[in-house]
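Values reported hereafter were calculated over all heavy atoms of this structure, with side chains retained and with hydrogens, waters and symmetry mates removed.
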Amino acid sequence: MSAGYEVAVRAEAALGEGPTWDPVGGRLLWIDILGSRVHTYEPGSGRRTVRVTGQHVGAVKPRVGGGLVLNLRDGVALLDPDDTFRWLRHEPVPGRRANDAAVAPDGALWAGTMRYDEAPGGGSLSRITGDGAAHTVLDDVTISNGTGWSPDGRLMYYVDTPTRRVDVFDHRDGRISGRRTLAVVEDGAGFPDGLTVDADGCVWVALWDGAAVRRYTPGGDLDRVVALPVPRPTACAFGGPDLTDLYITTAATGLAAPPPLAGSLLVVPGAGHGAAQPAFAG
């Protein structure tokens, strides 16, 4: 078990999520789902920006040509480099919202959803290409969360939080098969939430109500635990110029007495070696 965390941004996010390193801008992107806000943070200068989205936002990722793609309550939208907003797919479903998303090696966005009431099977995971074409990959999901790929792109890791599992699929040409369990988070250790895959193919997963981030080897062995001062870390990603700093988003929502750093963006300098993440090809 190790700690060594620092506070990157002392914030009051209700539900901080989705840290993503933007190498072009030299900044970290992250969101507050329930606050309907997209945050940016430049570690070199300390500069921050906050954008209000107008509705709950589940994820934000860079685009190949500049700008951002947003997984929003009512669909997937684009922010152009000039800050123009437009829908790529507008498909609101009453009672449903966006959740975590990730960009695959081929530049497609894999976007998750869930019901506000967390009804079993009420969410989904869809693959969305740059032209807006969508295909539902998984349709019996409760809380679609962490998604990531092995460095060679042949494996996809996935979390449906209430299952307590980190699953792994074979991945080829935008399709997945052979679902199996990589790791199970035991009772009392929290629930798996967002994840990232490092350059060695190890899977780092944040544990909601577990006050920690864990790293699992490609074989499913637990080989590192990062203890944290908040009970609800939500997701993690490597950032910084050399992708060695592990950024961790956290949540304060649902806590009767949130600790001082709940909702802040934390960072563990020199935690490992991240893999460069592709931008959305749209």
Side-chain angles (χ1 to χ4, degrees), residues 8-20 28-41 48-62 68-79 85 87 89-103 109-119 122-126 128 141-148 158-162 190-196 205-210 213 230-237 247-255 258 261-266 280:
V9 177
R10 188 178 295 271
E12 295 180 356
L15 184 51
E17 259 285 7
T20 300
L28 191 87
L29 309 172
W30 60 290
I31 58 162
D32 179 359
I33 293 178
L34 300 180
S36 302
R37 285 169 168 78
V38 172
H39 296 261
T40 71
Y41 167 64
R48 297 177 54 198
T49 68
V50 181
R51 179 189 176 98
V52 178
T53 59
Q55 60 177 256
H56 291 160
V57 53
V60 58
K61 305 294 175 183
L68 303 172
V69 59
L70 306 172
N71 194 25
L72 292 167
R73 182 195 65 201
D74 293 343
V76 174
L78 302 177
L79 275 179
F85 175 93
W87 288 104
R89 290 193 65 85
H90 188 235
E91 44 188 357
V93 176
R96 190 187 75 177
R97 70 165 174 84
N99 209 44
D100 207 354
V103 179
L109 183 74
W110 292 56
T113 65
M114 60 176 285
R115 298 281 303 178
Y116 277 99
D117 61 7
E118 301 182 9
S124 64
L125 179 68
S126 297
I128 301 164
V141 174
T142 300
I143 301 178
S144 186
N145 254 314
T147 306
Y158 180 70
V159 167
D160 180 3
T161 291
F191 294 83
D193 200 325
L195 63 78
T196 192
V205 59
L207 299 184
W208 176 274
D209 282 341
V213 170
V230 293
R232 291 184 168 174
T234 56
C236 54
Y247 286 90
I248 303 164
T249 48
T250 69
T253 187
L255 297 174
L261 294 180
S264 292
L265 176 68
L266 307 178
F280 176 58

What's the shortest heavy-atom distance between [X] and [Y], and which atoms?
X: Leu261; Y: Arg10; value: CD2-NH1, 3.1 Å
X: Cys236; Y: Ala206; value: SG-N, 4.4 Å
X: Ile128; Y: Ala111; value: CD1-CB, 4.1 Å
X: Gly112; Y: Asn71; value: O-ND2, 3.1 Å
X: Ala237; Y: Pro19; value: CB-O, 3.1 Å
X: Gly18; Y: Ile31; value: N-CG1, 4.5 Å

Just by modelled atom types, is the Ser124 backbone N or O under 3.5 Å from a matching donor or acceptor in the Thr113 side chain? yes
Which residues share a side-chain hydrogen bond (donor to acceptor under 3.5 Å, both in side chains) with [X], sequence neighbours left out:
X: Thr147; answer: none
X: Thr250; answer: none
X: Tyr158; answer: Ser144
X: Arg97; answer: Asn99

Using a 4.5 Å cut-off on heavy atoms from C-beta on, say whether the side chain of Lys61 contacts that of Leu109. yes
Mind checking whether Pro192 and Asn145 have side chains closer than 4.5 Å, heavy atoms only? no
Which residues pass the side chain to side chain contact (heavy atoms under 4.5 Å, CB included) test with [X], not counting sequence neighbours?
X: Thr234; value: Leu15, Glu17, Asp193, Trp208, Thr249, Ala251
X: Ala13; value: Trp30, Asp32
X: Thr142; value: Pro120, Asp160, Pro162
X: Thr53; value: Ser36, Val38, Val57, Leu72

Residue pairs passing the salt bridge (charged side-chain N to carboxylate O under 4.0 Å, His left out) test where at least one lies in residues 49-59, sequence neighbours excluded: Arg51-Asp83
Across all chains, not counting sequence neighbours, the salt bridge (charged side-chain N to carboxylate O under 4.0 Å, His left out) partners of Arg89 are Glu91
Considering residues at least two apart in sequence or located in another chain, which fulfil the salt bridge (charged side-chain N to carboxylate O under 4.0 Å, His left out) criterion with Arg73? none
Measuring from atom [atom1] of [X] to atom [atom2] of [Y], what distance do you get when rounded to the nearest 0.5 angstrom?
X: His56; Y: Asp74; atom1: NE2; atom2: CG; value: 11.0 Å
X: Leu266; Y: Tyr247; atom1: CG; atom2: OH; value: 11.0 Å
X: Leu28; Y: Thr40; atom1: CG; atom2: OG1; value: 9.0 Å

Any idea how Trp87 and His90 line up, ring-wise: parallel (<30°), tilted (30 to 60°), or perpendicular (>60°)? tilted
